[in-house]
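Computed over heavy atoms, backbone and side chain alike; hydrogens, waters and symmetry mates excluded. This is a predicted model, so every value here is computed, not measured.
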Amino acid sequence: MLVGTVGMEGGATMRRRRIGSGVIGGGAGILALLMAALAAAPPPATAGPKVEQGLPAGPELGRHGPVTGRPSGPPSVSPADIRFAHRTLRAGDASEVGLLPGYVDRLRADAEAYLVPTPDHPTYPTYAGAVLLAAKDGVVVAHEAVGDAVRYASVGPAPDRTGVELPADEQLPMRPDTIFDLASISKLFTTVVAMQLVERGLVGLDTPVVRYLPEFAAGGKEAVTVRMLLTHTAGLPAFAPLWSAHPTPEARIAAALATPFAAGASPGNQYVYSDLGLIALGVLVERVTGRPLDELVASRVTGPLRMRDTGYRPSPALRHRIAATEYQPYAGRGMVWGEVHDENAWALNGVAGHAGLFSTAADLAIFCQMLLNGGEYRGARILRESTVRSMLVNHNADLESGYPESDRGLGVELHKHWYMGGLASPVTFGHTGFTGTSIVVDPLAHTFLILLSNRVHPDRNWGSNNVARRALAQDLAYATPVRPVGGGTAWRADDRDGASVTLTAPLRRPAGRATVASFELWYDTEPRYDVLRVEVSVDGGGTWAPVEVSLAAAGRGWVSDGTVTGYGGRRWSRALAELPAGTTHLRWVYSTDSSSRGRGVYLDRLLVVGLGGLFFHGEGADAARFVAAGWSPSNR
């Protein structure tokens, strides 16, 4: 039997046993004890969050702990687990696809809230206006426009940088079909064209870029591959002021390709998000095909998908439908409206691999649904299913310890809680754009969220719109209900940033020998930063120590040291913890950092029993004895 000690607050120590090596190793005996205790328990109380009674089915337990022969480790998911469906978008109601209408209705209200300064964006409005679109299972459940597409003429001097508004009759309201400068979302379209060439054998992911662009070898970059460009691991700097440092588009492209490594960088050994890498990729696909990038995107992506409002260099006739971006007197441009905002893309005649594309929420919805369909939409095959899966593999997994934000597929971002919020998972993908645009695609729930804003209008220094991105992502995430195991309600940790909330179960009396806590746990948090701790006290709640927990879900079993974080499989897990003799209290502490959260943490069906009888019955007589500080009963 593995026996150890664990330090406690205040200097006390506590003996701990590994689940499956002590009392739980008795297998049938402890399960019989649990059932007998339930049978002898008094009738359920009517107070508290739930009044149900009974022992839910749990993991099979053998003489040496969890039955062997099943996968071990916390829940995981990979692109191989995604099930593509072939759906065509249509408008519909949230309830048609199992979403909670109240949370879907909050999308518009929360988007409107950021039209003025807010506590989480206090100095300026987050954006002048925005368009949002949310869909699940091919049903568009929300498509809303708020605020203004064009509002300001210029910006006052620093430090106040006050926006100078246009006359009221010259301002333009945001419309559902407003056209936005997508900024870096353009990179996804460059990626799709590149992956089409990979499918056809014209480009190799692990082929050095110099095979296609010999001049890229400058600066010792001969070993950089196409895959490294797509995953931002080539070692290139993030940015270079091509627009101001070189006189012509041709000179700017030459300078971009000749840019040496960032200081200390080498191919494949670091993650640095780089516009220069995607500029090079855009030139690469042009060189391989002999056609301009804008023609490739139009003929191979937006044309077949009938994305009629998507393209580079929009016609002046469409200006009344285009959202204005930034006042750029330093570039001699004034208020940018109808031209690409990114200075380098503008200086490359409006077409580049990293930026330049304009589109609407409705057109981007087609693009998102095409990917959810496995590369096809309305009979137009854009990519193979296998290609889409390959794009969603985390190709930077080996860099994650040194670069926590490095999770990326081929051209797409993965698992980014800072804008995906509760929609994040290891295979949730998307991208953001500097102008205030973003898409989030959750292939597990067949859901996506598009938020297009003009947050740089009138000035980029007014701040990021990440707070709005997260707020809307949380709304759509919470629209998918988490149903308690047996109906009724479960306990849910409140949705707060920078908080530590507790749920405490005071036992009826100190635990005796061979006492086990059983409960159901549902968790989905930002890995490493938002953590649930399971703790015990032997002195009436004066000091606390972690307790080891065995968990099982969907045929998997694993052991936690008392902390849980990250992806929980979006399902309930059965948890068992052997409590030290003398335990008086059991509690769950959920601690979050200052921003970004997952879907949250839920707890249900607590039962504590041992050789000394029943110590806590959360579904029965003890339901009202929970002490909740930042936890609330929830049925969804």
Ignoring hydrogens and geometry, is there a side-chain-to-backbone donor-acceptor pair from [X] to [Y] under 3.5 Å?
X      : Y      : answer
Glu400 : Asn396 : no
Thr225 : Asp206 : no
His86  : Gly374 : no
Tyr419 : Ser596 : no
Arg574 : Glu520 : no
His585 : Gly542 : no
Gln474 : Gly598 : yes

Find out whether [X] and [Y] are in side-chain contact, i.e. whether some heavy atom of one side chain is under 4.5 Å from a heavy atom of the other.
X      : Y      : answer
Thr583 : Val547 : no
Leu99  : Thr447 : no
Trp572 : Val482 : yes
Arg508 : Arg625 : yes
Arg570 : Trp522 : yes
Phe429 : Leu371 : yes
Arg492 : Trp631 : no
Val139 : Lys136 : no

Q: List the steps and the verdict of side-chain contact (heavy atoms from CB on, under 4.5 Å) for Leu607 and Glu619.
A: CA-CA 8 Å; Leu607 182 69; Glu619 306 300 309; over 6 Å; no
Q. If you draw the axis of the six-membered ring of Phe615, does the NZ or CZ of Arg509 fall within 45° of it and under 6.0 Å from the ring centre?
A. yes
Q: Output yes when Arg87 and Asp137 qualify as a salt bridge under the 4.0 Å nitrogen-oxygen rule, no when they do not.
A: yes
Q: Determine, for Glu535 against Arg587, whether the closest basic-nitrogen to carboxylate-oxygen distance falls under 4.0 angstrom.
A: yes
Could you pull out the closest heavy-atom pair between [X] and [Y], with the gap in Å?
X      : Y      : answer
Leu614 : Val609 : CD1-CG1, 3.4 Å
Gly138 : Gln369 : CA-OE1, 3.8 Å
Gly488 : Asn635 : O-CB, 3.3 Å
Gly568 : Asp524 : N-OD1, 4.2 Å
Gly498 : Thr592 : N-OG1, 3.1 Å
Ala265 : Gly235 : CB-O, 3.4 Å

Hey, what do you get for [atom1] ([X]) to [atom2] ([Y]), rounding to the nearest 0.5 Å?
X      : Y      : atom1 : atom2 : answer
Leu399 : Thr231 : CG    : OG1   : 8.0 Å
Thr428 : Tyr567 : OG1   : OH    : 8.5 Å
Thr565 : Arg533 : OG1   : CZ    : 11.5 Å
Thr563 : Arg528 : OG1   : CZ    : 13.0 Å
Leu551 : Trp558 : CG    : CH2   : 5.0 Å
His417 : Glu405 : NE2   : CD    : 10.5 Å

(Q) Parallel, tilted or perpendicular: which one describes the rings of Tyr273 and His431, with boundaries at 30° and 60°? (A) tilted
(Q) Parallel, tilted or perpendicular, judged at 30° and 60°: which one describes the rings of Trp588 and Phe626? (A) tilted
Q | Qualifying residues under salt bridge (Lys or Arg N to Asp or Glu O under 4.0 Å), relative to Arg470, sequence neighbours excluded | A | none
Q: Could I get the full list of salt bridge (Lys or Arg N to Asp or Glu O under 4.0 Å) partners for Arg496, not counting sequence neighbours?
A: Asp494
(Q) side chain to side chain donor-acceptor pair (under 3.5 Å), that's the test. Do Tyr271 and Arg408 meet it? Break it down for me. (A) CA-CA 10 Å; Tyr271 168 77; Arg408 293 191 75 97; 3.3 Å; yes
(Q) Please determine whether side-chain contact (heavy atoms from CB on, under 4.5 Å) holds for the pair Val427 and Asp81, giving the CA-CA distance in whole Å, both sets of side-chain angles, and the decisive distance to 0.1 Å. (A) CA-CA 9 Å; Val427 292; Asp81 300 310; over 6 Å; no
Q: May I have the step-by-step check of side-chain contact (heavy atoms from CB on, under 4.5 Å) for Trp418 and Asn466, ending in yes or no?
A: CA-CA 7 Å; Trp418 58 268; Asn466 286 340; 3.4 Å; yes
Q: Carefully, step by step, assess Asn373 and Val388 under the rule side-chain contact (heavy atoms from CB on, under 4.5 Å).
A: CA-CA 9 Å; Asn373 288 354; Val388 177; over 6 Å; no
Q: For the residue pair Ser438 and Thr432, confirm or rule out a side-chain donor-acceptor distance under 3.5 Å.
A: no
Q: Please determine, by modelled atom types, if Asp120 and Thr118 share a side-chain donor-acceptor pair under 3.5 angstrom.
A: yes
**Q.** Pairing residues for Asp497 by the side chain to side chain donor-acceptor pair (under 3.5 Å) criterion, not counting sequence neighbours
**A.** Arg597
